[in-house]
There are 2 protein chains.
Amino acid sequence: MCYASIMDTRLDPTPIATPPPTADEVLITLVRHGHRVTGPRRAVLDAVLAKPRPFTAEQLVAELGDSRAGAPIGRATVYRTLEILASVDVLSRLIGADGHPSYVVGTPGHRHHLLCSGCGAAVSFTACPVDELVQTLTRDTDFAIHGHLLEVFGVCPTCQDDATTDGIGAGRGVAVG
Amino acid sequence: MCYASIMDTRLDPTPIATPPPTADEVLITLVRHGHRVTGPRRAVLDAVLAKPRPFTAEQLVAELGDSRAGAPIGRATVYRTLEILASVDVLSRLIGADGHPSYVVGTPGHRHHLLCSGCGAAVSFTACPVDELVQTLTRDTDFAIHGHLLEVFGVCPTCQDDATTDGIGAGRGVAVG
DNA sequence: CACCGAATGATACTTTGTGTCAATAATGCG
DNA sequence: CGCATTATTGACACAAAGTATCATTCGGTG
């Protein structure tokens, strides 16, 4: 039920688990899925792959849609391209501590994220503790369970240090379930 | 870290775990928290307590803001009141399978929900499988973990029956992490 | 009852995202 | 290469969801 593998309980200590795919690799994937390779898509893709941490669609729109050298890219195109990239597993959709959706470059199978509410960094992990719960829930409720949503929020070591240095308590922010 | 108790691993088989508080009880709670008891707040509260399943803020706005007998209630007031009710634990905020936030009347401590993508029913449960994961994540990443978000999506028995009867596959809907 | 500040709600605005559709450009084919 | 076909684009309008402002109103206290 959990699309993330329960086998791998180890966590990657670095914000980006594996090197992101190259633009060319992704383009090949797109073609394989019947999509065309266009200029705007290349531009969106390049921008996306350059992002080390989660970003919102609007951030991308602002970045690509304004007076950049060359042709600005339309809002709709950015949204559509993000959707496509998510559908071919180049991007993961996730929900931030503020409840707003964002995207992050992620390797397939890495479905859950630990998010820093300070700097926005994301650590993806495959360990999924929900499967056992799903069995219990299925037994007790007779629901047909199709999926779940899990995000973990915290503050990364760097931001903890910064907070200490700045005299700002690290306990700010998130109060989620 | 998980505000839901890990002690109670049993699930309540009924959509509403415990009888919702009475309006008067809630009003007392509001006063205790330094809020005033006003007409609009009573109206919002009554509407909220009458809801057996999750609802969105906009639904309430539509319900209370239009040409109902008596004074229609402003959009801002509805949002503000929901915020207050959530802050005093009368309501839980949750995120539906479509990613949109909604509220549900919930008893404190019941922080996670199993949502039916057919009829919208919610089963709240306190079993939280994330605590162990949090320990692992804390050890491996040195994050200071402050919270998490967990929702489980599926189809309730009734909707499964309906789907079978209607010839509609039960496998529609949610494809979440 | 009068006062004070919290609360209200009309309005405008922001953010985030979707729908439409004529113009355009990417691929396949000859 | 040149053309036809069709996906794609992007400007625009629109919608949904929520926030900010602020003069007015109302609840509760003395």
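Throughout, protein chains are lettered first and strands after them, A, B, ... in sequence-line order, and every chain is numbered starting at 1. Owing to the predicted nature of the structure, the values given are computational and were not obtained by experimental measurement.
- Listed nucleotides: dT27(C), dT9(D), dA17(D). Nearest to the side chain of Glu58(B): dA17(D).
- At least one donor-acceptor pair closer than 3.5 Å links the side chain of Arg53(A) to the backbone N or O of Cys119(A).
- Atom-to-atom, CG of Leu60(B) to P of dG18(D) comes out at 12 Å; the value is rounded to the nearest Å.
- No donor-acceptor distance shorter than 3.5 angstrom exists from the side chain of Thr77(A) to the backbone of Ile73(A), with no hydrogens or angles considered.
- As a whole-Å value, the separation of Tyr79(B) OH from dA16(D) P is 11 Å.
- Over its length, the helix from dC1(C)-dG30(D) to dG30(C)-dC1(D) turns its helix axis by 30°, as judged from the five terminal pairs at each end, rounded to 10°.
- Going from atom SG of Cys156(A) over to atom CG of Leu115(A) covers 11.0 Å, rounded to the nearest 0.5 Å.
- Residues Gly120(A) and Pro54(A) share a closest heavy-atom pair of O-CD, 3.1 Å.
- One can place CZ of Arg36(B) at 4 Å from C1' of dA6(C), the figure rounded to the nearest angstrom.
- The distance between atom CD1 of Ile84(B) and atom P of dT19(D), rounded to the nearest whole Å, is 13 Å.
- Using a 4.0 Å cut-off between charged side-chain N and carboxylate O, Arg93(B) and Glu83(B) make no salt bridge.
- Between dT9(D), dT21(D), dA17(D), one nucleotide has an atom nearer to the side chain of Thr77(A) than all others, and that is dT9(D).
- The listed nucleotides are dG17(C), dG18(D), dA7(C); the one nearest the side chain of Ala57(A) is dG17(C).
- The backbone N or O of Val130(A) sits nowhere less than 3.5 Å from a side-chain atom of Gln135(A) that would complete a donor-acceptor pair.
- Two residues, Gly34(A) and Arg93(B), neighbour DNA chain D, and the one matched to the more 5' nucleotide by heavy-atom proximity is Gly34(A).
- Between His148(A) and His112(A), the side chains place a donor N or O and an acceptor N or O closer than 3.5 Å (distance only, hydrogens not considered).
- Mapping Thr81(A) and Gly39(B) onto DNA chain D by nearest heavy atom places Thr81(A) at the nucleotide closer to the 5' end.
- Atom C1' of nucleotide dA7(C) and atom CG of Leu27(B) are separated by 15 Å, given to the nearest angstrom.
- Across the protein-nucleic acid pair, Glu83(B) atom CD and dA20(D) atom C1' stand 13 Å apart, rounded to whole Å.
- Using a 4.0 Å heavy-atom criterion, one finds that His100(A) contacts no nucleic acid atom at all.
- For the atom pair CG (Leu114(B)) and CZ (Phe125(B)), the distance works out to 6.5 Å, reported to the nearest 0.5 Å.
- Distance from the side chain of Ala76(A) is smallest to dA11(D) among dA11(D), dG28(D), dT9(D).
- A donor-acceptor contact under 3.5 Å is not formed by the side chain of Arg80(A) with the base of dG17(C).
- One atom, CZ of Arg75(A), and another, C1' of dA11(D), lie 12 Å apart when rounded to the nearest Å.
- A donor-acceptor pair under 3.5 Å is formed between the side chain of Glu151(B) and the backbone N or O of Ile95(B).
- Nucleotide dA17(D) holds its P atom 14 Å from the CD1 atom of Ile95(B), rounded to whole Å.
- Contacts between residues 40-50 of chain A and DNA chain C, defined by a heavy-atom separation under 4.0 Å, are absent.
- With hydrogens and angles left out, the side-chain atoms of Tyr103(A) and Gln59(A) include no donor and acceptor closer than 3.5 Å.
- The side chain of Thr56(A) contributes no N or O atom lying less than 4.0 Å from OP1 or OP2 of dT16(C).
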